Amino acid sequence: MIFRKPPKWQKSSSPLEQFARVLMLVAVFALVAWGFYANNQRRMEVIKAKEQKEQSVSRSAPADYAALIQDDTRNLTPAQKAELQNFLRYFHESRGVLIKTHVYQHGPLPAANPDANTISVQLCPSEGLARLDAGVTVRLALGEELMNELANKHFPPYFAQGRWPDGLAAAFKKMEDRLQ
């Protein structure tokens, strides 16, 4: 059955018509292949543009590292603030990770949505609240257990003693040690 001769109406009437059919079939395959290629190129350009945008946002050095530390309580001394800024600069330049810190006078602490290479540290010493949010990449690198330990166990003793700037520096050191 498979090798039987096709009916007479399916046969090409001339070799020219047969050649034209083969040529049209090849043209259809070529158009489909070109369409897939063009679509893939367009998608790759979109992905690369998105990647470059994310990298430029997360890798670009802030003009002022002081803006990354906001202290509503005004308890940080200029020396402590300068030391934290130097650490933030070092951490960003060596690890490519920004740490945004906000110390609130009163709670509750708002939710932060940091990008992939950013850590958001929010503290409220007067109410003993600490919140750490991190982008997906940093959260995977630090690990959930360290993030929870810093937010729930690390800061409360420092809050109780009124030494939260020391606790903040110690938390930064723990993060640095984990990312080495």
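These numbers come from a predicted model, not from an experiment. Atom set for the values below is all heavy atoms of this structure, side chains included, hydrogens, waters and symmetry mates excluded.
Rounding to the nearest 0.5 Å gives a distance of 10.5 Å between CD of Glu83 and CG of Leu168. In this structure, CG on Leu68 lies 9.0 Å from CD1 on Ile99, to the nearest 0.5 angstrom. Of the inter-residue distances, the one linking Glu149 atom CD with Glu144 atom CD reads 13.0 Å to the nearest 0.5 angstrom. Remark: Met147 CE to Asn152 CG distance equals 11.0 Å, nearest 0.5 Å. Considering CG of Leu98 and CZ of Arg89, their distance stands at 12.0 Å, rounded to 0.5 Å. The NE2 atom of His92 lies 7.5 Å from the OG1 atom of Thr118; values are rounded to the nearest 0.5 Å.
Closest of all the heavy-atom pairs between Val103 and Pro125 is CG1-CD, 3.7 Å. The shortest non-hydrogen separation linking Ala141 to Leu179 is CB-CD2, 3.4 Å. What you find for Asn117 and Gly96 is that their closest heavy atoms are CB-O, 3.6 Å. In this structure, Ala130 and Ala151 approach most closely via the heavy-atom pair CB-O, 3.6 Å. Shown here for Cys124 and Leu109, the closest heavy-atom pair between the two residues is CB-CD2, 3.8 Å. Nearest approach of Glu176 to Phe91, heavy atoms of both residues: CA-CE1, 3.6 Å.
Between His102 and Tyr104, a ring centre-to-centre spacing shorter than 6.0 Å is recorded.
Panel note: side chain Gln80, backbone Thr77; a donor-acceptor pair is recorded below 3.5 Å. Remark: side-chain polar atoms of Ser126 are not paired, donor with acceptor, to backbone N or O of His106 under 3.5 angstrom. A donor-acceptor pair is defined here as one N or O able to donate and one able to accept, closer than 3.5 Å; such a pair exists between the side chain of Asp71 and the backbone of Asn75.
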> Should Ile69 and Leu76 be marked as a side chain to side chain contact (heavy atoms under 4.5 Å, CB included) after you check the CA-CA gap, both sets of side-chain angles, and the distance that decides it?
Replying inline: CA-CA 10 Å; Ile69 302 174; Leu76 281 176; 3.8 Å; yes
>> Run the side chain to side chain contact (heavy atoms under 4.5 Å, CB included) test on Leu132 and Gln122 for me, step by step, so that the C-alpha distance in whole Å, both residues' side-chain angles and the decisive distance to 0.1 Å come before the verdict.
In response: CA-CA 6 Å; Leu132 275 78; Gln122 300 171 331; over 6 Å; no
> Going through the checks in order, is the side chain to side chain contact (heavy atoms under 4.5 Å, CB included) test met by Leu123 and Val121?
Replying inline: CA-CA 7 Å; Leu123 305 175; Val121 179; 4.2 Å; yes
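The ring-ring contact (aromatic ring centres under 6.0 Å, His included) analysis of residues 157-180, with sequence neighbours excluded, yields the pairs Phe87-Phe172, His154-Tyr158, Phe155-Phe159.
When side chains are defined from C-beta on, Lys81 does not count as touching Pro78, because their heavy atoms never get closer than 4.5 Å. Counting heavy atoms from C-beta outward, Leu150 and Lys174 have side chains that approach closer than 4.5 Å.
Every residue two or more places apart in sequence or in another chain that forms a side chain to side chain contact (heavy atoms under 4.5 Å, CB included) with Leu140 is listed here: Val136.
In summary, Arg74 and Asp72 do not engage in a salt bridge, as defined by a charged side-chain N under 4.0 Å from a carboxylate O. Checked for salt-bridge contact, Lys50 and Glu45 miss the test: no charged N lies under 4.0 Å from a carboxylate O.
Annotation: Lys100, atom NZ; neighbour count of heavy atoms from other residues, nucleotides and ligands within 6.0 Å does not exceed 12.
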Side-chain atoms of residues 30-44: list all donor-acceptor pairs with protein atoms under 3.5 Å, sequence neighbours left out, distances to 0.1 Å.
none

